[in-house]
> 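To start, I am sharing the structure in question, which I have written as structure tokens.
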Amino acid sequence: MYNEEQYIYHMFQEHFIRNKKENIVLYGTGVHTGKLLDKLKGRQIKGLMDVKRTGEILWGYKVFSYEEVKDIPNVCIVIIARDAVLHTVYRRIEVFSRENNIPVYDVRGNLLTVKNIQIEEEECFLLDSSELLKKIEAADCITFDIFDTLLTRKLLVPQDVFRYIDGINPIQGLVFSKERKRAEESIRDKNNPTIYEIFECLQNNTGISNEERERLLALEIKTEKTILCRREAVCQILEEARACGKKIYLISDMYLTGRILEKILKEYRIEGYDGLFVSCDYSQGKQEGLFQRVREEVKYDGSTRILHIGDSFFSDICAAKEAGYDTFQIYSPREMFERSMYSRFLPEPETLEEELVLGKFVSMAYNNPFGEYKENGKLVFRDMCRIVELLVAPVILKYMCFLLRTVIMNRNDYMIFPSRDGYLLRKLYDRIIETGVLDVKLPESIYFYTSRRAVLTASVYTERDVLNILSIDDTRSMEDMLKVRFGITVGRNEFKMDGKKLSPRLIKRLLRICQEERKNYQEYIMNTGIARYQRPAFADFIAVGTIQSAVEKLAGREMQGIYFWKRKSEEERYEKLYVDSLYQSTGDFDMDANIYRFYYFLENILSSPDPSLISISQEGKPYFYEEKREKKDIELLSRIHESIGNYVGDMIEFLPNILDCRASVRLYDGILGLLSKECSEFKEEELFHMNNIDEFMGRSVTSMNR
């Protein structure tokens, strides 16, 4: 009978103890390290390594720093970790080991190098579903693992479900995650306990009432259902096997009983299997004889061909082979991520918020174990909506959480979303209100028609104001600038030959136009009701504050700016604005974040289906520039907005407390950075070039800066 603990011990004995490798440092401080040390009784082991626990004493051994390991003569490092994490850990210490000539091994005695790690990483992304279907065709009976095979969690670590419950259900005097783990560990001597037995132990440890025990138990089961999603490609394989008349059994090491799992499986449309084998129902796991139970069920006679499909090398592959099964290993989304290039690009999550956001990313990006991936797990995209939902929506979610918290903290009483960057943001804001996830009342919102052209022209009072508008960088001629920025056609005789000095008659004409536009625009502002509010908030994407400053002046009301990023300006009036910024406010040359790198692309994504505003008419209606985008671009934009709305809507309900999402923007910006050519491959490059025109500046906003 296969046993993982025994396997690790025997591998270590064979490759390190019997070969008398001296001065071994174990990398890893998990439960398997502790059990291994108990059996080894200290022979040849000098200490431990774990970046996060340096200096601690565990099982009687010190957790060394890099410098301390370097000073040990003839030292080697052995990583005690499952294969999914092995690559990540090795990458973490690869430079240190190479520079100091310290060999690094896995528990099976394999010397780890960049080359052999790369080979294993590439194999992970080369699975072929046709090979699996051939194996299914040759088998009489198929068994499927459940978790990380047919279903996967939107969490990086399964135990994060307990931390998640802490977030949605804080209990005074009781840290559920801590007590839940303690209960499971203290009942470990009982073979594969059920969730009911674990909660009885939790009750005995904490003294909670029967009612509270049942409430928490029901909450955990409900939460397990909430955080799951189907692995569509594997579920499709199951359905094809069933259609071929194969016997189908599901097998799982799990504390949720078969009766509970049946309901969860039905909810996720996994039905029609011939039997369900759960470790806690049989008091034995896969490594302790559960596979033999399936053999008894199918009346295995030695000629029966059984194929097992699962993700765990130890519990699924080794244990099933030991029981006489043929096997096919797929990889969990988490293992695929940890073997991918992205595990090195993205920062490690430090908060539950980051764990949930990264878990969502991983469960979406690597849901399909047979998907189209390039070297090192590089994602290949063929659909614009998927690109945006996976890589762009997270940073928009982060901004919405930031906006909501800022509005509530500052007690803003009105929310202004200016066109066109505020179009999608306003829709998301109203959608959040409709969900009712917040206990607090949010202020009423408005989609406010504006543009640089509209507010700057309406803000003109003097000749100097006119010249300031014309001095804004532009490659067009003076005639073209006057036509676009003021809406008039003039002859060469109305300004001097240097192209800059305007005639007095033209100045008067321009001032009359601006006065009329100011009157219409101020009337529009009055009709919006902005002036009635004492603390209005003004959302914006990336800006120095040009529009906010002008609207404040025209409305006679100071506003609270809430930007993605507030660009610093040399003009004092913009620096005096009251603005909170999701990204730290910096100058352009100091900004190295991905949100600035993909500024134009994101501006297209946030845009409205309407063209840019010219001015407000005498009747109070918006007057737009001619639409230059094609119909297909606007239809695509609508689908993109729907995808972002679905992502933000799901995550707003999924996150335990959106008003407490205080993690930095580093992970969100890191995910956004995967838009680069180095990190992703896009089959339809033209999708990134919607012809969105900035008429005021005379340029096409099509570049994605990839």
> Under 4.5 Å between any side-chain heavy atoms of Leu379 and Leu674, yes or no?
no
> Cation-pi check for Phe654 against Lys154: NZ or CZ below 6.0 Å from the six-membered ring centre and within 45 degrees of the axis, yes or no?
yes
> With sequence neighbours excluded, tell me which residues meet ring pair (Phe, Tyr, Trp, His ring centres under 6.0 Å) with Tyr578.
none
> Considering only NZ, NE, NH1 and NH2 on the basic side and carboxylate oxygens on the acidic side, decide whether Lys266 and Glu262 come within less than 4.0 Å.
no
> What pairs of donor and acceptor atoms, side-chain ones from residues 388-406 against any protein atom, are under 3.5 angstrom apart with sequence neighbours left out?
unit_1, atom_1, unit_2, atom_2, d
Lys398, NZ, Glu353, OE2, 2.8
Lys398, NZ, Cys661, O, 3.1
Lys398, NZ, Ala663, O, 2.6
Tyr399, OH, Ile562, O, 2.6
Arg405, NH1, Cys661, O, 3.0
Thr406, OG1, Phe402, O, 2.7

> Is any side-chain heavy atom of Arg163 closer than 4.5 Å to a side-chain heavy atom of Gln159?
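The answer is no; the side chains never approach within 4.5 Å.
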> If the threshold is 4.0 Å, N to carboxylate O, is there a salt bridge linking Arg153 and Glu224?
yes
> Can you tell me how far apart CZ (Arg180) and CD (Glu220) are? Round to the nearest 0.5 Å.
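One gets 4.0 Å once the value is rounded to the nearest 0.5 Å.
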> List the atom pairs, donor and acceptor, that lie under 3.5 Å between side-chain atoms in residues 529-537 and the rest of the protein, sequence neighbours left out.
unit_1, atom_1, unit_2, atom_2, d
Arg535, NE, Asn410, O, 2.9
Arg535, NH2, Asn410, O, 2.9

> According to side chain to side chain donor-acceptor pair (under 3.5 Å), who are the partners of Asp421, at least two apart in sequence or on a separate chain?
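Once residues adjacent in sequence are excluded, Asp421 has no partner under the side chain to side chain donor-acceptor pair (under 3.5 Å) criterion.
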> Please check if the number of heavy atoms outside Lys225 that lie under 6.0 Å from its NZ is greater than 12.
yes
> Check whether Asn367 reaches the backbone of Arg230 with its side chain - one donor and one acceptor, N or O, closer than 3.5 Å.
yes
> If you define the side chain from C-beta out and look only at heavy atoms, does anything of Pro333 sit under 4.5 Å from Arg231?
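Yes, their side chains come closer than 4.5 Å.
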> Will you find, in the side chains of Ser445 and Arg426, an N or O donor that is under 3.5 Å from an N or O acceptor?
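On atom types as modelled, these side chains qualify, holding a pair under 3.5 Å.
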> Is there a donor in the side chain of Asp669 and an acceptor in the side chain of Tyr583, or the other way round, less than 3.5 Å apart?
yes
> Is there a donor in the side chain of Asp50 and an acceptor in the side chain of Thr29, or the other way round, less than 3.5 Å apart?
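Judged by distance alone, the side chains do pair up.
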> Once rounded to the nearest 0.5 Å, what's the spacing between atom CE of Met526 and atom OG1 of Thr528?
8.5 Å
> Over 60° means perpendicular and under 30° means parallel, so classify the ring planes of Phe337 and Phe361, tilted if in between.
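Plane angle over 60°, so perpendicular.
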> Which residues pass the salt bridge (Lys or Arg N to Asp or Glu O under 4.0 Å) test with Glu56, not counting sequence neighbours?
Arg53
> With rounding to the nearest 0.5 angstrom, report the CD1 to CG distance, Ile171 to Asp166.
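Here the rounded value is 8.0 Å.
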> Are Tyr599 and Phe541 close enough, and set up right, to give a ring-ring contact (aromatic ring centres under 6.0 Å, His included), and what steps lead you there?
CA-CA 9 Å; Tyr599 175 7; Phe541 177 44; 5.8 Å; yes
> Can you measure from CG (Leu228) to CG (Leu150) and round to the nearest 0.5 angstrom?
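Atom-to-atom, Leu228:CG and Leu150:CG are 11.5 Å apart.
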> To the nearest 0.5 Å, tell me how far Thr206 OG1 sits from Phe199 CZ.
10.0 Å
> Can Glu211 and Arg215 be counted as an ion pair, charged N to O under 4.0 angstrom?
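Not counted as a salt bridge, because no side-chain N and carboxylate O are separated by less than 4.0 Å.
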> Hey, can you pull the donor-acceptor pairs under 3.5 Å for the side chains in residues 642-649, sequence neighbours left out?
unit_1, atom_1, unit_2, atom_2, d
Ser643, OG, Arg639, O, 3.2
Asn646, ND2, Glu642, O, 3.3

> Are the charged groups of Arg420 and Glu603 less than 4.0 angstrom apart, N to O?
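Answer for the salt bridge query: no.
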> Ion pair present between Asp660 and Arg662, side-chain N to carboxylate O less than 4.0 angstrom?
yes
> Under 3.5 Å, is there a donor-acceptor pair linking the side chains of Gln560 and Asp580?
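The criterion, which ignores hydrogens and geometry beyond distance, is satisfied for Asp580 and Gln560.
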> Regarding Tyr521 and Ser459, is there a side-chain donor-to-acceptor distance under 3.5 Å anywhere?
no
> Heavy-atom distance under 4.5 Å between the side chains of Ile168 and Leu219, does that happen here?
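Side chain of Ile168 against side chain of Leu219, heavy atoms only: contact under 4.5 Å found.
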> Strictly distance-based, threshold 3.5 Å: is any side-chain N or O of Ser581 a donor or acceptor partner for the main-chain N or O of Gln584?
no
> Report the distance from atom CG of Leu356 to atom CG of Leu155, rounding to the nearest 0.5 Å.
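The CG atom of Leu356 sits 6.0 Å away from the CG atom of Leu155.
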> Whether Lys181 and Glu184 form a salt bridge (side-chain N of Lys/Arg under 4.0 Å from carboxylate O of Asp/Glu) is what I want to check.
no
> Answer yes or no: are there more than 12 heavy-atom neighbours, outside Arg411 itself, under 6.0 Å from its atom CZ?
no
> For Phe682 and Phe381, take the angle between the two ring planes, folded into 0 to 90°, and tell me which bin it lands in: parallel under 30, tilted 30 to 60, perpendicular over 60.
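Taking Phe381 first and then Phe682, their aromatic rings sit tilted (interplane angle of 30° to 60°).
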> So for atom CD, which belongs to Glu523, do other residues, nucleotides or ligands contribute more than 12 heavy atoms lying within a distance under 6.0 Å?
no
> Is the shortest distance from a Lys or Arg side-chain nitrogen in Arg269 or Glu232 to a carboxylate oxygen in the other one below 4.0 Å?
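Yes, charged N to carboxylate O under 4.0 Å.
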> Give me the ring orientation class for Tyr447 and Tyr449: parallel if the planes are under 30° apart, tilted from 30 to 60°, perpendicular past 60°.
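Geometry flag for Tyr449 against Tyr447: perpendicular rings.
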> Is there a side-chain contact between Ser419 and Asp610 (heavy atoms, below 4.5 Å)?
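Side chain of Ser419 against side chain of Asp610, heavy atoms only: no contact under 4.5 Å found.
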